[in-house]
Amino acid sequence: MSQSTVSLPLCTSCNRPVKPGERATKFLCPNCHDSLIWRSEKCRKFSRHYKCVNCGFEGP
Ligand SMILES: [Zn+2]
Ligand SMILES: [Zn+2]
């Protein structure tokens with residue numbers, strides 16, 4: 001049995017896997033431009049803060 005598990009990206013705010021089809025957003029950290037920030041649909045909705053794992057930048 002072959003398994004092709006696609007590793008889901010984790011939401012930077014809540015650390016939950018972002019499911020395909022979810023209206024999540026991803027963008028590069030505005031500070032270091034080096035780390036990809038993922039935000040789930042819920043975190044966008046509630047404007048949760050995120051923290052860049054690379055440089056520690058926090059944003060709304
Ligand atoms: Zn989230
Ligand atoms: Zn950063």
Side-chain angles (χ1 to χ4, degrees):
M1 220 167 99
S2 69
Q3 239 186 340
S4 59
T5 332
V6 183
S7 60
L8 296 171
L10 293 179
C11 169
T12 311
S13 298
C14 65
N15 250 353
R16 291 208 179 100
V18 177
K19 294 187 192 79
E22 200 177 318
R23 294 175 65 154
T25 185
K26 67 169 189 288
F27 53 93
L28 283 172
C29 169
N31 188 48
C32 65
H33 302 279
D34 207 35
S35 185
L36 198 57
I37 313 272
W38 275 90
R39 298 189 82 203
S40 62
E41 191 176 349
K42 273 189 180 168
C43 289
R44 286 176 62 197
K45 202 167 157 186
F46 296 112
S47 315
R48 290 210 180 111
H49 282 221
Y50 60 85
K51 188 174 182 182
C52 173
V53 288
N54 190 46
C55 68
F57 176 82
E58 287 182 61

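All heavy atoms count here, side chains included; hydrogens, waters and symmetry mates do not. Because the structure is predicted, anything quoted here is derived from the model rather than measured. Just so you know, ligand 1 is whichever comes first in the structure, and atom 1 is the first atom listed for that ligand.
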message: Can you tell me if, anywhere in C55, an N/O/S atom lies at a distance from the Zn ion (ligand 2) that is smaller than 2.8 Å?
response: yes
task: Would you check if the side chain of S40 reaches a backbone N or O of V18 as a donor-acceptor pair within less than 3.5 Å?
output: no
- prompt: If only atom types and distance count, is the side chain of T12 paired as donor or acceptor with the main-chain N or O of R39 below 3.5 Å?
  reply: no
- request: Evaluate the side-chain contact (heavy atoms from CB on, under 4.5 Å) criterion for residues I37 and C52: first the C-alpha distance (whole Å), next the side-chain angles of each, then the deciding distance (0.1 Å), finally the verdict.
  value: CA-CA 7 Å; I37 313 272; C52 173; 4.1 Å; yes
- prompt: Got a donor-acceptor contact below 3.5 angstrom from the R23 side chain to the R44 backbone?
  reply: no
- prompt: Any N/O/S atom, backbone or side chain, of N15 lying under 2.8 Å from the Zn ion (ligand 1)?
  reply: no
- prompt: Between SG of C43 and OG of S40, what angle is found at the Zn ion (ligand 1), rounded to 10 degrees?
  reply: 100°
statement: ang(SG C52, the Zn ion (ligand 2), SG C32) rounded to 10° is 110°
